[in-house]
Amino acid sequence: MKKALSCFIRVVSFLVLIFSASAQGEVREIRILHVNDFHGFATPHRPFGSQEPAGGIAYLAALAEALRNEKPSLLLSAGDMIQGSDWANLFQGKSVVEVMNRMRFDGMVVGNHEFDFGQKVLRQRIGEARFPVLGANVEGLEVLKPYTIQDLAGIRIGIIGVVTEDTPVTTHPSNAVGLRFLAAEETVRRYVESLRNRVEVVVVLSHLGLYADRLLAERVKGIDVIVGGHSHTKVERPLRIGETVLVQAWEHGKALGVLDLALEGRKIVSARGHLEIISPALGKTDESVEALVLSYQKKVDELLEEVVGEAENDLDGENVRKRETNLGNLIADILRERAGAQVAVINGGGIRRSILKGPIRLRDVYGALPFDNYIVAVRLTGTQLRETLEHGVSRIEEEAGRFPQVSGLTFTFNPSEPPGRRVKEILVSGRPIVLDQEYVVATHDFLAAGGDGYRAFGEAVKSSKDFALIGGAMKGEKLVYSNPGQWLRDVVIEFIRSRGKVSPLLEGRIREGK
Amino acid sequence: MRVYVNDQPIDLLLGMTVRHALLRAGLLSELGSGESPFDEWGNELGLDGALAEGARIYVRMRREKRQVENH
């Protein structure tokens with residue numbers, strides 16, 4: 001009897017101990033691993049301005065797996081994964097989703113660039129994903145879930161996903177037709193209120209950018225963690241605003257974010273984090289992911305050999321810095337047509353190689369147009385258009401890359417005159433230019449941002465007021481067209497595919513004269 | 001959209017990125033010499049990073065970890 005009583009007391013004491021430990025707050029630890037703005041940079045690459053190779057998803061995957069094995073973990077993505085490199089774009093993002101499946105991602109939010117291949121393709125990609133794809137503030141795309149609840153070693157974590165409201169203007173507007181992008185702040189507030197009592201940790205997966213994330217943390221109470229993306233910010237240590245912890249892991253798979261949370265009861269008592277820098281120097285790869293990356297890279301190499309059309313004459317990419325060329329004409333014509341513009345002006349320096357008569361392979365177009373430029377069109381006055389052409393021919397002696405290739409206009413210039421006074425006659429659609437009239441001029445983002453010293457586009461942008469999306473197109477005072485979601489070379493490839501054969505000629509668009 | 005690069009106002013189209021802001025400011029070529037863009041809180045930015053109205057970017061030398069460790 002005494003023995004039984006002693007045993008009973010011991011059991012009760014043990015239960016009391018357990019209960020009091022729980023009540024006082026047993027500390028439980030979880031880990032959130034995160035990436036954002038990967039943009040399909042699967043293989044190590046040398047970032048602009050750096051001599052060292054960075055990134056490599058197989059290295060990141062190996063490290064993520066090792067870190068995952070140390071404690072209960074989630075692997076999350078804050079968006080913009082499937083578009084942005086040949087390795088991703090040539091498969092419309094399918095390659096990226098396969099890698100994410102293999103890495104066993106636990107969730108992602110759509111970024112604005114997830115819409116770049118259109119809604120049909122996005123639906124396919126979401127269908128292939130073996131993890132929830134979130135978008136609480138997107139109305140009209142039912143395959144997106146507003147949130148997911150994950151159980152991590154007995155801890156319930158609610159994850160809400162929100163994407164920038166600017167999505168319709170940061171992809172092609174037609175990709176967002178029929179969708180509504182609701183205010184992220186109101187959306188998050190609503191779902192936090194709904195989830196707060198059902199979960200122990202509330203995470204917002206945000207593709208809003210760090211500026212918006214900071215405001216979100218200030219204005220919406222009840223968010224424990226914001227895992228961010230969109231601004232490509234290298235947040236080396238977690239930020240804290242009020243009770244909310246903010247993290248973001250740079251871009252292009254160059255870093256893996258690690259956030260360790262300790263909970264006592266329902267309260268986060270510690271949040272420690274850092275970025276693991278990813279590069280081949282890490283040495284260890286995930287062999288399965290590496291094999292997938294290499295198999296897609298092999299397909300990339302094969303696809304680049306694909307014939308997309310035929311050139312009936314040599315397409316001159318050599319003389320683009322000193323005179324009109326037929327390749328310059330072809331590309332400028334395609335820009336003008338795609339943007340619905342009256343005129344197109346591009347820099348010869350953006351064209352890097354000729355394409356010889358015969359079959360045109362994907363690789364030829366990529367070689368001729370290696371830069372990730374996209375098409376924009378703005379309204380310029382006749383005066384600004386004239387200044388643009390003057391600038392274009394201002395350093396012809398040096399064969400500078402600014403030399404223009406044009407469509408929709410012809411002009412003469414005298415290279416022996418001083419810069420700024422060289423351009424003579426300008427005809428737009430066969431008629432003399434009217435200096436105070438506005439013309440819709442297509443170009444690409446590099447020139448629109450002032451590249452090669454072009455200023456007129458920037459001046460037009462500066463004076464432009466707000467714009468609106470009407471019928472899937474951008475209408476504004478000065479901005480007429482912008483498609484950050486499709487590179488110029490891909491538009492050129494589409495054009496050549498649709499025509500089958502191309503035979504652009506010299507037409508006397510740019511003439512030297514007195 | 002107006003942003004600021006080294007406190008100079010820069011006007012950009014919506015959707016343009018850190019790269020476009022530096023290009024417009026004539027600072028993109030500086031990056032080859034070890035400089036990087038940072039936001040107003042000192043976080044390094046990727047060149048393809050989205051911008052917000054009123055964002056402030058500063059171009060300065062990166063802290064080289066190895067150098068710090070050697071001292």
Side-chain angles (χ1 to χ4, degrees), chain A residues 37 39 47-51 80 84 111-112 164 166 169-171 207-212 214-215 229-236 239 248 250-252 254 277 372 374 376 378 445-446 448-453 455 457-464 466-467 474 476 478-479 482-485, chain B residues 1-70:
Chain A
D37 302 289
H39 287 287
F48 184 84
S50 168
Q51 300 302 317
D80 274 7
N112 49 302
T164 173
D166 289 337
V169 291
T170 49
T171 179
H207 196 78
L208 305 177
L210 187 63
Y211 287 84
R214 294 177 70 101
L215 290 174
H230 193 43
S231 52
H232 296 220
T233 312
K234 188 181 181 185
V235 179
E236 295 190 60
L239 310 170
Q248 192 172 147
W250 211 4
E251 61 174 2
H252 302 167
K254 294 187 292 189
I277 300 303
D372 293 344
Y374 60 83
V376 299
V378 296
D445 63 308
F446 177 74
D452 274 350
R455 287 170 49 189
F457 297 103
E459 293 302 316
V461 169
K462 201 171 176 177
S463 64
S464 183
D466 288 344
F467 55 87
M474 196 179 297
K478 300 293 180 192
L479 177 64
S482 174
N483 182 5
Chain B
M1 173 173 58
R2 173 163 285 190
V3 302
Y4 298 85
V5 177
N6 291 347
D7 295 326
Q8 296 299 310
I10 299 287
D11 292 290
L12 297 173
L13 295 172
L14 246 180
M16 285 187 162
T17 62
V18 172
R19 183 188 306 274
H20 298 106
L22 299 188
L23 186 59
R24 176 67 54 78
L27 293 172
L28 192 60
S29 55
E30 303 285 313
L31 302 188
S33 53
E35 297 197 317
S36 284
F38 292 83
D39 67 15
E40 61 197 274
W41 302 286
N43 302 303
E44 189 173 345
L45 297 168
L47 289 178
D48 295 327
L51 293 166
E53 180 70 40
R56 290 185 176 274
I57 302 168
Y58 296 92
V59 176
R60 61 172 170 78
M61 293 298 286
R62 274 192 299 268
R63 279 178 295 134
E64 292 295 340
K65 198 177 175 192
R66 272 187 216 138
Q67 287 176 351
V68 172
E69 285 172 355
N70 286 343

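We name chains A, B, ... by the order of the sequence lines, and we start the count at 1 in each one.
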Legend entry - Residue pair B:Arg56 / A:Tyr211: nearest heavy atoms and the distance that separates them: N-OH, 3.2 Å

Legend entry - Option in A:Gln248, A:His230, A:Arg214 with maximal non-hydrogen atom pairs under 4.5 Å from chain B: A:Arg214

Legend entry - Residue among A:Gly453, A:Gly209, A:Pro484, A:Gly451 with most heavy-atom pairs under 4.5 Å to chain B: A:Gly451

Inset, instruction - Check each atom of B:Ala21 against the heavy atoms of chain A and say whether the ones under 4.5 Å are side chain, backbone, both or neither. - result: neither

Legend entry - Under 4.5 Å from a heavy atom of chain A, the part of B:Leu28 involved: both

Which atoms of [X] are under 4.5 Å from chain B, going by heavy atoms: the side chain, the backbone, both sets, or neither?
X	result
A:His39	neither
A:Leu208	neither
A:Phe446	both
A:Ala448	both
A:Asp445	both

Legend entry - Between B:Glu35, B:Glu40, B:Arg19, the one whose heavy-atom pairs under 4.5 Å with chain A are most numerous: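 Top count of heavy-atom pairs under 4.5 Å with chain A: B:Glu40.
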
Inset, instruction - Quick one: list whatever passes side chain to side chain donor-acceptor pair (under 3.5 Å) with A:Thr233, sequence neighbours left out. - result: A:Ser231

Inset, instruction - Answer whether the closest heavy-atom distance between the side chains of B:Leu51 and B:Leu12 falls below 4.5 Å. - result: yes

Inset, instruction - Evaluate the side-chain proximity of B:Met1 to B:Leu13: yes if any heavy-atom separation is below 4.5 Å, no if none is. - result: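 No, too far: nothing below the 4.5 Å cut-off.
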
Inset, instruction - Establish, yes or no, whether a centroid distance under 6.0 Å links the rings of B:Tyr58 and B:Trp41. - result: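 No; B:Trp41 has its ring centre 6.0 Å or more from that of B:Tyr58.
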
Legend entry - Main-chain N/O of B:Gly49 paired to A:Asp37 side chain as donor or acceptor, under 3.5 Å: no

Legend entry - A:Glu236/A:Trp250 under side-chain contact (heavy atoms from CB on, under 4.5 Å): CA gap, chis, key distance, verdict: CA-CA 9 Å; A:Glu236 295 190 60; A:Trp250 211 4; over 6 Å; no

